[in-house]
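Have a look at the structure below, then the notes.
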Amino acid sequence: EAWLNIDFEPNILEDGFHQCLSNPIWSSDGTHKTRHYIGGEEVSDIVIPASIKEVHEAAFCGYQFLNSVKMEEGVEKIGASAFERVPIKQFNIPSTVKEIGAMAFYNHQTSTITIGPNLTKVGSEALFGNKMSEWIVDEKNPKYSTYQGILYDKSRRTLIHCPNYRPGFKEDKVRTAVGVPSTVTTIRAHAFGSNLAKLTLPPSVKFIEDEAFVNPYSLKDLYVYTQQPIPVTNQTFHLNYGRINVHVPAGAGDAYRSAPVWKDMTIVEDQAEGSTPPEHYDYTTDYNAIRFYKMVDQGGWSVAEYHY
C-alpha cells in the first residue's frame, strides 16, 4: 500500500534535470540519498499494481539498488528513462502495456524481453541491455516480430536489435557471427553490439542507419553481396571501421575503394560474382542443436525453456 502513495509526477530542477519524488535517489525535499526505504526497510524488489496506469519519465532513473520489478496487468505506459541505468535482473512487461519511452530500461541486466500483443510504440534504446540473448514477441503483435532471438518489424524488413548473446546455451553464449535474412532492407541504429565479429549482409539491404554498430571493436569480417556500396557515414560504425575486412563480389573492389567510409576499410574481392549469402541465420555450428520448447513459470516469472 505504501507504493500507492508514491508521486510519479516529475519536477524540473534548476539545472534542467528531472527530480521525481518517486525516484529513490531523491527525497521529497530535494536532498540526495542513496537508498529507498518503505516501512524502515530498504527496497530492492518492487511490485507495481494494476491501479498504476503509467510509470512516469525518469521515475527510478539511476537507482542502483533495484533487483527486480514486477508489473501487474493494467499498466499501460512506461515513460522515457523510467528505469534507465538501473541494473534490473528481472522485470516483466504486462500485455496491457501499449507504449514504452526512450531508454526506459536502458542498460538492464536481464537476458530475455517479451513483447506483448498491445505494445506498438517503443522508443529508442528503450529495452536494450548488454546481457540480452533473446527477444520474444507475441504472435498477435501488429508491429514487431522475432526470429532466433533477434527483433524485427512485423514484415521482417527492418532489423531492429540483435542481442549480444544467443538464447538457450549453457556455455559459449556470445553471438559472434550473424547472417542477416534476405528479407531485410533496413538496419536500425543500435542494432548490433560489441561482441559481433562476423556479419553477412544480403543484397536486399539498402539502408544502414547511423550508429547501427555500437562500439564494433570485435567486428573483423563483413561480407556484402552488392556490386555498389551501401551508403554509410563515419557514424554508422561508430568511428571504428579501420580494422574491418570487407569481403565483396569479384569486380566490385574499385567501387568500394572509392566510396566514402568503405575506402578506409580493407577491401577483399573473394566473393564469386553473382553469388548469394547462405540461407541459414547464425554461423555458429551448434545453433541448430537447440529449439524453443515452451514458456514456463519460475517463481512468478515466465522463462523460456529450450531442448538441446
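These values consider heavy atoms only, across backbone and side chains, with no hydrogens, waters or symmetry-generated copies. Note that the coordinates shown come from a computational prediction; the quantities given were computed from them, not determined experimentally. FYI, the numbering just counts along the sequence from 1.
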Once you round to the nearest 0.5 Å, how far does [atom1] of [X] lie from [atom2] of [Y]?
{"X": "Q90", "Y": "S111", "atom1": "CD", "atom2": "OG", "value": "9.0 Å"}
{"X": "I88", "Y": "K131", "atom1": "CD1", "atom2": "NZ", "value": "15.5 Å"}
{"X": "I160", "Y": "Y144", "atom1": "CD1", "atom2": "OH", "value": "5.5 Å"}
{"X": "I78", "Y": "I93", "atom1": "CD1", "atom2": "CD1", "value": "6.0 Å"}
{"X": "M132", "Y": "H108", "atom1": "CE", "atom2": "NE2", "value": "5.0 Å"}
{"X": "K121", "Y": "K143", "atom1": "NZ", "atom2": "NZ", "value": "8.5 Å"}

Subject >> Parallel, tilted or perpendicular: ring planes of Y147 versus Y152, cut at 30 and 60 degrees >> reply: tilted

Subject >> Selection residues 246-259 - residue pairs positive for salt bridge (charged side-chain N to carboxylate O under 4.0 Å, His left out), sequence neighbours left out >> reply: D254-R257, R257-E269

Original post:
With N107, which residues qualify under side-chain contact (heavy atoms from CB on, under 4.5 Å), at least two apart?
Top reply: Q109, N130

**OP:** List in chain and number order the residues that pass side-chain contact (heavy atoms from CB on, under 4.5 Å) with R243, two or more places apart in sequence or in another chain; answer none if no residue qualifies.
**Re:** Y217, N240

What heavy-atom pair brings [X] and [Y] nearest, and what distance separates the two atoms?
{"X": "D45", "Y": "S68", "answer": "OD1-OG, 2.6 Å"}
{"X": "D221", "Y": "H247", "answer": "OD1-NE2, 2.7 Å"}
{"X": "P94", "Y": "E72", "answer": "CG-O, 3.5 Å"}
{"X": "S155", "Y": "D153", "answer": "OG-OD2, 3.0 Å"}
{"X": "D138", "Y": "G116", "answer": "CB-C, 3.7 Å"}
{"X": "E209", "Y": "A189", "answer": "OE1-N, 2.9 Å"}

With a 4.5 Å cut-off on side-chain heavy atoms, are [Y] and [X] touching?
{"X": "L201", "Y": "L222", "answer": "yes"}
{"X": "P163", "Y": "E134", "answer": "no"}
{"X": "N118", "Y": "T96", "answer": "no"}
{"X": "N92", "Y": "K70", "answer": "yes"}

Subject >> Side-chain H-bond candidate by donor/acceptor type, Y256 with T226, under 3.5 Å >> reply: yes

Subject >> Any side-chain donor near an acceptor of the partner, S218 and N195, under 3.5 Å >> reply: no

Original post:
Passes side-chain contact (heavy atoms from CB on, under 4.5 Å), T200 versus Y225? Steps please.
Top reply: CA-CA 8 Å; T200 295; Y225 288 81; 3.6 Å; yes

Original post:
Can we call the ring centroids of F91 and F105 under 6.0 Å apart?
Top reply: yes

**OP:** May I ask you to check whether F213 and H238 place their ring centers less than 6.0 Å from one another?
**Re:** no

Subject >> For H190, ring-ring contact (aromatic ring centres under 6.0 Å, His included) partners two or more places apart >> reply: none

**OP:** Evaluate side-chain contact (heavy atoms from CB on, under 4.5 Å) for L151 paired with L127, printing each intermediate quantity in order.
**Re:** CA-CA 11 Å; L151 184 65; L127 296 167; over 6 Å; no

**OP:** Check step by step if side-chain contact (heavy atoms from CB on, under 4.5 Å) holds for L66 and F83.
**Re:** CA-CA 9 Å; L66 199 58; F83 297 92; 4.1 Å; yes

**OP:** Apply the test side-chain contact (heavy atoms from CB on, under 4.5 Å) to residues F192 and L219: give CA-CA distance (whole Å), side-chain angles for both, the deciding distance (0.1 Å), then the verdict.
**Re:** CA-CA 10 Å; F192 297 105; L219 185 58; over 6 Å; no

Original post:
Okay, side chain of T146, backbone of V137: is any donor-acceptor separation there less than 3.5 Å?
Top reply: no

Subject >> Residue pairs passing the side chain to side chain donor-acceptor pair (under 3.5 Å) test where at least one lies in residues 73-82, sequence neighbours excluded >> reply: E73-S95, S81-E84

Sequence neighbours left out, cut at 3.5 Å: what donor-acceptor pairs do the side chains of residues 228-236 make with other protein atoms?
{"residue": "T233", "atom": "OG1", "partner": "D210", "partner atom": "OD1", "Å": "2.6"}
{"residue": "T233", "atom": "OG1", "partner": "Q235", "partner atom": "N", "Å": "3.1"}
{"residue": "T236", "atom": "OG1", "partner": "T233", "partner atom": "N", "Å": "3.0"}
{"residue": "T236", "atom": "OG1", "partner": "T233", "partner atom": "O", "Å": "3.2"}

Subject >> Hydrophobic cluster membership, L159 vs V214, 4.5 Å side-chain cutoff >> reply: no

